[in-house]
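For ligands, and for the atoms within them, numbers begin at 1 and follow the listed sequence.
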Amino acid sequence: MSGTDVLIIGAGAAGIAAARALRAAGVSCQVLEARHRPGGRAATDTATLGAPFDLGATWLHAANRNPLRALASGAGIELFDHGTARVSACFEDGRRVGPAAMAEYDATWEGLQSRLRGVELRPGDSAADLANRAGFGAGHWDATVLHWEGPVICGAPMAEMDARDYLDTQLEPPDLLPRQGAGTLLARLCEGLPVAYGAVLRHLDWSGPRIVAEGDFGRVEAAACIVTVPTAVLAAEHIRFTPALPADTLQAIHDLPLGLLTKVGLKAAGDDRLELPAFAGIERHVSREGEAALTAVAWPFGHDHLMGFVGGPAAWALAGAGAAATVDFAFAELSRSFGARAARALRRDGALVSDWAEDRFSLGAYSHARPGRAAARGILARPLAGGRLCFAGEACHPTLAATLGGAWESGAAAARQALPLLNKSSMA
Ligand SMILES: Cc1cc2nc3c(=O)[nH]c(=O)nc-3n(C[C@H](O)[C@H](O)[C@H](O)COP(=O)(O)OP(=O)(O)OC[C@H]3O[C@@H](n4cnc5c(N)ncnc54)[C@H](O)[C@@H]3O)c2cc1C
């Protein structure tokens, strides 16, 4: 490796999109990827459970505006609309919730967005402030819905997220599940791209007319550079910049921390499927804010495993305690709903637990804006050095933040803005 037109740091969704866009425009590029695989926060394990299991990104959300939807079929990936098979198995006090209570629960969900949008937004509001002013708190299902909205979906409590950013990044259905896995999809879209694996960037010098990247791989020069590493990795200063990044860029990085969602895969021990159809959502009533709870999808695609989720502060606490603690938590939670049957129906050994918190190339799951900092995504996406240095990735997208689709669009946009610097024709 010595020189290229554009250097791309990271072979996740944003980096792959940028490299494909540049290649399509006839521009040379080189991707430096720290891990020994592509996909970043999308990774499919096929070995442990005997079926594809996504440790990171799982669904193509907001599929009607998600650029990956159209790319999936070309990559030989089958997409399944989860909404067509969604059944909720919700439990309270060890019993499955009946139709009348479920109707109440559904109504709380359905009213959430319109109630939140009906409240006047004040500067510095957190999503929790908005929910409080909209009257959420005392209703029987309020804490359950807010648990979903904060820790499960956003990886962080509502109190830690900016209200404007929370509203702007809402994701509507359809939510499509790639049968072979979202990680497999990205790996296929990365095929044939110039990626150097195990190439950990340690220093980026953007002081001169050429950008210089340094690490164990040696030194690479380029006319422009697109950095797609997660904001938590940038905030931890694992990459040194010369000169230091401008104060507003640095502030934006710190204003877009990563929340945490941990996934756990549990295999069935025998034939007992807990009377749940494939794709059933397992959840339970949450009685107060801050209560840790597991949610799960049963038997995706008819496979013999459950896909469990724990998010927010509970996930951070479990990550510090190790994978076995997460498995114990999952069994304790499932026992609340299914009693002793859970331990008979599911195997403790061979469980799969994601470790995005400990992984030094992610240090969390996906970004949210701190209260009062909704502008941070736009600031981070602003090109530096006349466009020669650009940040991209999920954290930079104004509406599809925290998603594969957002990361993809952000990477493609960064590539487009680099083109004029290289005197190449602009891309479609
Ligand atoms: C548990 C979990 C569940 C999720 N569920 C969904 C979902 O259902 N749907 C959805 O759309 N999204 C989901 N997401 C979010 C989605 O995975 C991310 O938004 C998306 O993958 C981010 O892509 P990116 O390119 O911005 O960053 P990344 O994928 O993180 O790519 C950045 C790359 O930079 C590399 N890197 C880091 N440091 C260095 C360095 N120093 N030198 C070189 N390379 C480096 C990393 O290894 C990585 O490959 C989920 C994420 C997690 C963790």
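- In this structure, the side chain of W206 does not engage the main chain of A385 through any donor-acceptor pair within 3.5 Å.
- If you number the atoms of ligand 1 from 1 as listed, the ones under 4.0 Å from a heavy atom of H61 come out as 7 (C), 8 (O), 9 (N), 10 (C), 11 (O).
- At the shortest separation from atom 11 (O) of ligand 1 among protein heavy atoms lies L404 N, 2.8 Å.
- Each of T326, D328, V353, L260 was evaluated against L318; a single residue qualifies, T326, per the side chain to side chain contact (heavy atoms under 4.5 Å, CB included) test.
- At a heavy-atom distance under 4.0 Å, atoms from both the backbone and the side chain of L201 approach ligand 1.
- Every atom of ligand 1 is numbered from 1 in the order shown, and the set under 4.0 Å from a heavy atom of L32 is 43 (C), 44 (N).
- Considering only non-hydrogen protein atoms, atom 25 (O) of ligand 1 sits nearest to A14 N, 2.9 Å.
- When only non-hydrogen protein atoms are considered, atom 27 (O) of ligand 1 lies nearest to R41 NH2, 3.0 Å.
- Nearest to atom 22 (C) of ligand 1 by heavy-atom distance, out of H238, E394, H397, is E394.
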Ring pair (Phe, Tyr, Trp, His ring centres under 6.0 Å), that's the test. Do H368 and Y166 meet it? Break it down for me. CA-CA 8 Å; H368 57 274; Y166 162 79; over 10 Å; no

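- Judged by distance alone, with hydrogens and angles left aside, the side-chain atoms of S367 form no donor-acceptor pair with the main-chain N or O of A402 at under 3.5 Å.
- For W59, heavy-atom contacts with ligand 1 shorter than 4.0 Å involve the backbone as well as the side chain.
- In this structure, the protein non-hydrogen atom closest to atom 6 (C) of ligand 1 is A57 CA, 3.3 Å.
- No side-chain donor-acceptor contact under 3.5 Å links E78 to the backbone of R179.
- Heavy-atom contacts of A199 reach the following atoms of ligand 1: 42 (N), 43 (C) (cutoff under 4.0 Å).
- Heavy-atom contacts of W356 reach the following atoms of ligand 1: 1 (C), 53 (C) (cutoff under 4.0 Å).
- Annotation: atom 47 (O) of ligand 1 to nearest protein heavy atom, E33 OE2, 2.6 Å.
- The aromatic ring centres of W141 and H285 sit less than 6.0 Å apart.
- Within the 4.0 Å heavy-atom criterion, the part of Y366 lying near ligand 1 is the side chain and not the backbone.
- Applying the 4.0 Å criterion to heavy atoms of V200 picks out, from ligand 1, the atoms 41 (N), 42 (N).
- Between F279 and F301, the two ring planes are perpendicular [angle over 60°; tilted spans 30° to 60°].
- Those atoms of ligand 1 that come under 4.0 Å of a heavy atom in G39, given as number and element, are 29 (O).
- The backbone N or O of G405 sits nowhere less than 3.5 Å from a side-chain atom of E409 that would complete a donor-acceptor pair.
- Of the polar atoms of G405, none of the N or O atoms is found under 3.5 Å from an N or O of ligand 1, judged by distance alone.
- On a distance-only criterion, S354 and ligand 1 share no N/O pair closer than 3.5 Å.
- A donor-acceptor contact shorter than 3.5 Å is absent between the side chain of D165 and the backbone of D162.
- Here the shortest heavy-atom distance to atom 1 (C) of ligand 1, taken over T231, T228, I16, L261, belongs to L261.
- Contact annotation for P230 and ligand 1: only side-chain heavy atoms (C-beta onward) come within less than 4.0 Å of the ligand.
- Distance from atom 34 (O) of ligand 1 to its nearest protein heavy atom, with residue and atom name: G10 CA, 3.3 Å.
- Annotation: atom 46 (C) of ligand 1 to nearest protein heavy atom, R35 NH1, 3.4 Å.
- The part of A402 lying near ligand 1 is the backbone, judged by heavy-atom distances below 4.0 Å.
- Taking the six-membered ring for Trp and the full ring otherwise, the centers of W59 and F309 sit less than 6.0 Å from each other.
- Remark: side-chain polar atoms of T144 are paired, donor with acceptor, to backbone N or O of V286 under 3.5 angstrom.
- Not one N or O on the side chain of R96 forms a donor-acceptor pair closer than 3.5 Å with the backbone of F91.
- Although no hydrogens or angles enter the test, the distance criterion places a donor-acceptor pair under 3.5 Å between the side chain of T231 and the main chain of L256.
- Using a 4.0 Å cut-off to heavy atoms of G393, the atoms of ligand 1 that qualify are 26 (O).
- At distances below 3.5 Å, not a single donor-acceptor pair connects side-chain atoms of D272 with backbone N or O atoms of A345.
- Near L55, the atoms of ligand 1 lying under 4.0 angstrom from a non-hydrogen atom of the residue are 1 (C).
- A donor-acceptor pair is defined here as one N or O able to donate and one able to accept, closer than 3.5 Å; no such pair exists between the side chain of S410 and the backbone of G406.
- At a 4.0 Å heavy-atom cut-off, ligand 1 does not touch P38 at all.
- At the top of the distance list for atom 23 (O) of ligand 1, counting protein heavy atoms only, stands A407 CB, 3.4 Å.
- Using cut-offs of 30° and 60° on the angle between ring planes, the pair H305 and H303 is parallel.
- Heavy-atom proximity to atom 7 (C) of ligand 1, evaluated over T58, L400, L60, L258, is greatest for T58.
- Comparing D175, V229, L186, D359 by heavy-atom distance to atom 38 (N) of ligand 1, the nearest is V229.
- By the 4.0 Å heavy-atom criterion, A182 is excluded from the residues contacting ligand 1.
- No side-chain heavy atom of E160 sits under 4.5 Å from any side-chain heavy atom of S126.
- Counting heavy atoms only, A34 comes closest to atom 44 (N) of ligand 1 of the residues A34, G215, S362.
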